[in-house]
There are 2 protein chains.
Amino acid sequence: MNRRTVGRQPKYQRIAADLKAAIAAGTYTPGQRIPGENDLMATYEVARMTARQALATLRSEGLIEARKGAGIFVRQYEVVIRRRGVQRLSLNLWAQGKSVWSADIDDRSLEVDSVSVMEEPAPKGVAATLDTPAEAPVCVRRRRFLLDGRPVLFATSYLDAELVAGTAITQPDTGPGGIYARLDEIGHKPVHFREEIRSRMPNAEETAGLGLTPGTPVTLICRTAFAEDGRAVEVNDMVLDSSAYVLEYEFDA
Amino acid sequence: MNRRTVGRQPKYQRIAADLKAAIAAGTYTPGQRIPGENDLMATYEVARMTARQALATLRSEGLIEARKGAGIFVRQYEVVIRRRGVQRLSLNLWAQGKSVWSADIDDRSLEVDSVSVMEEPAPKGVAATLDTPAEAPVCVRRRRFLLDGRPVLFATSYLDAELVAGTAITQPDTGPGGIYARLDEIGHKPVHFREEIRSRMPNAEETAGLGLTPGTPVTLICRTAFAEDGRAVEVNDMVLDSSAYVLEYEFDA
DNA sequence: AAGTGGTCTAGACCACCAC
DNA sequence: TGGTGGTCTAGACCACTTT
């Protein structure tokens with residue numbers, strides 16, 4: 001019980017602080033292996049669970065990554081997708097302004113992985129937004145998007161089932177121009193958008209489906225598309241791997 | 001060693017799944033106390049660390065909250081701030097469209113807690129954006145914002161030190177209209193904005209400063225303000241308690 | 001085959017909170 | 001004062017990766 005030697009700080013926090021400092025100082029570089037459980041047990045003379053807790057701290061901050069049977073590695077954030085919320089002003093003055101956060105890849109180079117279309121009752125808030133009856137089924141389109149084979153985004157669209165009945169929107173392949181082109185054809189062209197952004201820790205399903213490293217939150221985008229008459233014609237609920245995305249919005253004062 | 005009885009699933013995951021199901025089913029409601037370590041040890045006949053790990057799973061998903069000496073409680077997300085990225089179009093058609101995510105409080109009802117102004121070298125990306133020499137000191141303004149006494153936001157502004165020298169921007173109190181009014185007065189009125197949004201787990205400093213419950217990520221907003229001539233005049237780096245915020249952006253097709 | 005992280009046990013002492 | 005969660009120990013077996 002040499003617990004009174006250190007000034008009230010738990011051992012695992014001291015070990016974690018040491019490792020963090022070493023990573024910050026560049027002693028260990030991204031992708032490199034760092035001391036694992038057995039190493040920490042030896043050098044700090046602690047039990048396995050204590051070493052694990054120190055590593056758990058770093059993992060929860062997204063600094064390291066454990067690979068079963070291989071070791072602990074400094075995490076590297078490489079591919080970043082820049083998602084431009086307002087992308088239509090392509091050739092304006094501001095487009096040349098330097099951005100603080102670099103992003104290698106554009107939103108458009110994603111591939112669709114799987115599509116499902118079905119009719120389900122809409123979630124509470126969605127039904128209110130679409131102005132459909134509370135328990136009535138709506139058209140639900142679920143898609144997953146990949147970047148270089150790695151899943152980075154889940155998207156779920158909700159549309160008024162009566163409105164889109166008989167259109168390609170109820171088919172897996174919506175045809176050229178996608179949902180919005182089809183909505184235009186039936187006289188409900190989206191002309192205005194609202195995006196609501198939140199962030200939280202993923203549940204087990206999201207962690208598995210997006211292949212998330214523990215310690216990675218998800219970013220949620222809920223986009224509502226409005227037609228000319230002000231009617232909400234689509235709600236698109238997106239779940240993003242937050243380590244893969246930078247969202248960008250530009251607007252004038 | 002009754003490990004082969006269950007089909008490959010770790011005990012702690014099964015316990016966690018049970019608790020999650022109970023919370024989802026409404027057996028335990030937000031703010032209510034749920035079975036703690038000792039209860040789980042007894043009912044599932046497991047060791048303390050196993051029960052803890054089950055609870056750690058729920059905590060990392062932001063579902064529960066541990067209060068030392070008191071017990072484990074279902075987390076409740078109450079106050080949400082709606083931060084409107086583009087708020088100037090106050091009386092347009094879309095303002096009446098129903099939003100999916102409710103938000104009780106507006107961005108403006110925040111109080112400033114502490115302000116510090118100093119000259120420091122700018123971070124790498126910031127210097128490039130502001131177009132200042134790499135190691136040159138810039139004006140750095142740090143502020144913390146409270147909602148009902150609870151910290152919810154850190155904001156750090158970076159400005160060209162030479163540009164703002166002699167203005168109230170270098171003072172803790174920037175006067176009526178704040179930084180942007182002062183920039184206007186010296187002929188660099190911000191007329192265009194870019195906001196870049198990311199999300200990650202907080203470090204220890206952010207967790208303490210924002211009073212974050214474990215399992216809560218932070219949302220990062222990096223706003224760049226541009227003057228008429230296209231010059232970037234301010235970079236504002238914000239760290240938000242993600243459980244307190246919904247970000248909103250509206251724009252036309 | 002050796003080493004790694006993942007899971008699990010059966011204990012222990014502590015600081016903190018509610019009663 | 002008794003119960004709670006937080007920290008810690010000294011073992012153990014397992015699945016997995018690497019060599």
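What you see is a predicted model, and the numbers here were worked out from it, not measured in a lab. Heavy atoms only: backbone and side chains are in, while hydrogens, waters and symmetry mates are out. Sequence lines set the chain letters: A, B, ... in the order given, protein chains first and strands last, and positions in each chain run from 1.
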**Study point:** Worked verdict on L247(A) versus R82(A) for side chain to side chain contact (heavy atoms under 4.5 Å, CB included)
**Key:** CA-CA 6 Å; L247(A) 312 186; R82(A) 175 168 298 268; over 6 Å; no
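- The backbone N or O of C222(A) lies less than 3.5 Å from no partner atom in the side chain of R194(A), so there is not a single donor-acceptor pair.
- The base-pairing partner of dC19(C), taking Watson-Crick or G-U wobble contacts with both distances under 3.5 Å, does not exist among the strands shown.
- Whole-Å rounding puts the Q9(A) CD to dA15(C) C1' distance at 16 Å.
- The nearest whole Å value for the distance from the CG atom in D39(A) to the C1' atom in dG3(C) is 10 Å.
- For the pairing with L110(A), the side-chain contact (heavy atoms from CB on, under 4.5 Å) check across L146(A), D148(A), I81(A) returns one residue only, I81(A).
- Rounded to whole angstrom, the span from the CG atom of L40(B) across to the P atom of dG3(D) amounts to 17 Å.
- Considering only heavy atoms from C-beta on, S242(A) stays 4.5 Å or farther from R198(B) through its side chain.
- In this structure, M41(B) places its CE atom 10 Å from C1' of dT9(C), rounding to the nearest Å.
- dA15(D) atom C1' lies 18 Å from atom CZ of R67(A), rounded to whole Å.
- Comparing K68(A) and A47(A) against DNA chain D, the residue whose closest nucleotide sits nearer the 5' end is A47(A).
- Proximity of K11(B) to the phosphate of dT9(C): a side-chain N or O atom is located under 4.0 Å from OP1 or OP2.
- Considering only side-chain N and O atoms, R33(A) lies under 4.0 angstrom from the phosphate OP1 or OP2 of dT4(C).
- Contact annotation: Y12(A) side-chain N/O to dC8(D) OP1/OP2 distance is not under 4.0 Å.
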Acceptor/donor pairs from residues 62-75 of chain A side chains to any protein atom, 3.5 angstrom cut, sequence neighbours excluded:
from   : atom 1 : to      : atom 2 : distance (Å)
R75(A) : NH1    : Y77(A)  : OH     : 3.4
R75(A) : NH1    : T216(A) : OG1    : 3.1
R75(A) : NH2    : T216(A) : OG1    : 2.9

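- The E37(B) side chain lies nearest to dG6(D) when the options are dT7(D), dG6(D), dT9(D).
- For the segment residues 48-57 of chain B, the set of residues with a heavy atom within less than 4.0 Å of an atom of DNA chain D comprises R48(B), M49(B), R52(B), in numerical order.
- You'll find the side chain of Y249(B) reaches within 4.5 Å of the side chain of R83(B), heavy atoms only.
- Panel note: side chain T207(A), backbone N203(A); a donor-acceptor pair is recorded below 3.5 Å.
- For Y44(B) and dC8(C), the OH to C1' distance is 17 Å, given to the nearest whole Å.
- The distance from atom CG of N38(B) to atom P of dA12(C) is 14 Å, rounded to the nearest whole Å.
- Spacing between atom CG of L58(B) and atom P of dG5(D) amounts to 13 Å, rounded to whole angstrom units.
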